[in-house]
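Treat the numbers as computed from the prediction; the structure is a model and nothing was measured. Just so you know, residue 1 is the first one in the sequence shown, and it goes up from there.
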Amino acid sequence: MRSLTLSTLLATFLWSTPIGGVAVLVKNTPITLFEVQQEIKQSGASATQSADNLIRKKLEQLEASEKKITVSSHEINEELGRMAAQNNLSMEQFLNAMQTVRGLSEKDLKAKVEESIKGQKLYSAIAFSKMGQPSAEEENEYYQLHLDEFSRPESFDVTTYISASREALAIQIGDPMRHVENIQTKEENIPFGKINPQLAQLLNKIPEGSFSAILPNGQNGFMSFYMRDKINVVTENVDAVRPQIANAILGEKRNQVLNDYFTRLRLSADIKILRLP
């Protein structure tokens with residue numbers, strides 16, 4: 001009887017889903033081939049890894065639903081306001097910065113913020129004990145291991161590559177000495193203090209002699225930064241960044257608890273991988 005029910009269920013899904021059919025069933029809840037294809041496109045991961053990512057997200061959604069965890073639009077807007085203020089930007093400036101630097105529309109950004117808040121609530125619901133604040137020793141160790149996160153240059157010497165074609169830009173980045181049609185380049189010096197914090201953070205993470213990821217340029221095209229040099233790099237004092245360090249450590253610990261929890265949950269969950277792109 002169970003086999004017949006599952007067959008009927010699958011037939012219903014496959015018949016009623018014109019966007020590619022069902023790829024995976026997680027507790028009888030479908031993940032479509034279209035969703036897997038979109039995840040591949042957005043993350044650049046393999047089909048298997050993309051399916052794994054979506055399975056984890058689906059398990060989180062189902063667990064949040066079972067525990068009646070919800071996130072209101074007020075909570076999302078409040079968090080967006082906090083993020084904008086933290087970057088010394090107005091809401092409009094912050095949304096524009098996230099669109100330009102991260103390629104996230106307002107809708108996509110709100111979805112990510114909702115996912116983050118839901119993750120924090122899930123952690124609170126499944127954690128067996130309250131997480132204590134990290135010790136000074138933990139903070140000092142984190143600081144030493146992540147000095148690059150707390151260092152900033154006076155300015156960045158970059159070459160900006162611009163193209164209307166993401167594919168052409170990817171070819172150029174893969175082989176910088178090759179001449180690729182319809183690629184524009186511009187050498188510039190970008191002062192750290194005169195750009196929005198999101199862009200400054202992105203540029204600061206690019207190693208010298210390397211390209212950034214391909215980003216939307218806000219003009220229906222794409223761009224990538226090649227980092228030639230970082231001028232006059234200064235490292236902030238550990239005491240000045242202790243709140244930032246503490247938040248980072250707590251975030252890592254929370255993620256580890258969630259990862260362990262959902263790894264165990266996946267082992268016992270009814271998951272069927274039917275087909276992948």
- Message: Just checking E141: does its CD atom have more than 12 heavy atoms from other residues, nucleotides or ligands closer to it than 6.0 angstrom?
- Response: no
- Message: Do the side chains of E79 and R82 get close enough for a salt bridge, i.e. N-O under 4.0 angstrom?
- Response: yes
- Partners meeting side-chain contact (heavy atoms from CB on, under 4.5 Å) with Q144 (sequence neighbours left out): L147
- The complete set of salt bridge (charged side-chain N to carboxylate O under 4.0 Å, His left out) pairs with one or both residues in residues 103-113, sequence neighbours excluded, reads E106-K110
- Task: Please step through side-chain contact (heavy atoms from CB on, under 4.5 Å) for the pair N140 and R242, ending with a clear verdict.
- Result: CA-CA 9 Å; N140 291 339; R242 284 195 186 277; 3.0 Å; yes
- Item | Partners passing ring pair (Phe, Tyr, Trp, His ring centres under 6.0 Å) against Y143 (at least two apart in sequence or in another chain) | F150
- Any residue meeting side-chain contact (heavy atoms from CB on, under 4.5 Å) with E39, in chain and number order, not counting sequence neighbours: S43, S50, N53, L54, K57
- Residues in side-chain contact (heavy atoms from CB on, under 4.5 Å) contact with L62, at least two apart in sequence or another chain: V26, K27, T29, K58
- Message: Contact between P153 and V233 at the side-chain level, heavy atoms closer than 4.5 Å - yes or no?
- Response: yes
- Got more than 12 heavy atoms from elsewhere within 6.0 Å of CD, E92? no
- Only counting residues at least two apart or in another chain, list the ones meeting salt bridge (charged side-chain N to carboxylate O under 4.0 Å, His left out) with D260. none
- Once you round to the nearest 0.5 Å, how far does CD of E138 lie from CD of Q133? 10.0 Å
- Query: Taking only residues two or more places apart in sequence, or in another chain, which ones meet F94 in a ring pair (Phe, Tyr, Trp, His ring centres under 6.0 Å)?
  - Reply: none
- Query: Which ILVMFWY residues are connected to F222, directly or by a chain of links, through side-chain heavy atoms under 4.5 Å apart?
  - Reply: Y161, L169, I171, I173, V180, I183, F211, I214, Y226
- Task: Show your working on side-chain contact (heavy atoms from CB on, under 4.5 Å) between L199 and F225 and close with a plain yes or no.
- Result: CA-CA 11 Å; L199 180 56; F225 298 102; 4.0 Å; yes
- Message: According to side-chain contact (heavy atoms from CB on, under 4.5 Å), who are the partners of F262, at least two apart in sequence or on a separate chain?
- Response: R56, L59, E60, E63, L122, L258, L265
- Message: Suppose clustering is done on Ile, Leu, Val, Met, Phe, Trp and Tyr with side-chain heavy atoms closer than 4.5 Å. Which residues sit in the same group as M177?
- Response: none
Please list every donor-acceptor pair under 3.5 Å in which a side-chain atom of residues 184-193 meets a protein atom from a residue at least two apart or in another chain.
residue: E188; atom: OE2; partner: T160; partner atom: OG1; Å: 2.7
residue: N189; atom: OD1; partner: S155; partner atom: OG; Å: 3.4
residue: N189; atom: ND2; partner: S155; partner atom: OG; Å: 3.0
residue: N189; atom: ND2; partner: D157; partner atom: OD1; Å: 2.7

- Could you walk me through whether M91 and L80 pass the side-chain contact (heavy atoms from CB on, under 4.5 Å) check? CA-CA 8 Å; M91 181 59 72; L80 285 172; 3.8 Å; yes
Under 3.5 Å, sequence neighbours excluded: what are the donor-acceptor pairs made by side chains of residues 201-209?
residue: Q201; atom: OE1; partner: R102; partner atom: NH2; Å: 3.3
residue: N204; atom: ND2; partner: S151; partner atom: O; Å: 2.5
residue: E208; atom: OE2; partner: K230; partner atom: N; Å: 3.4

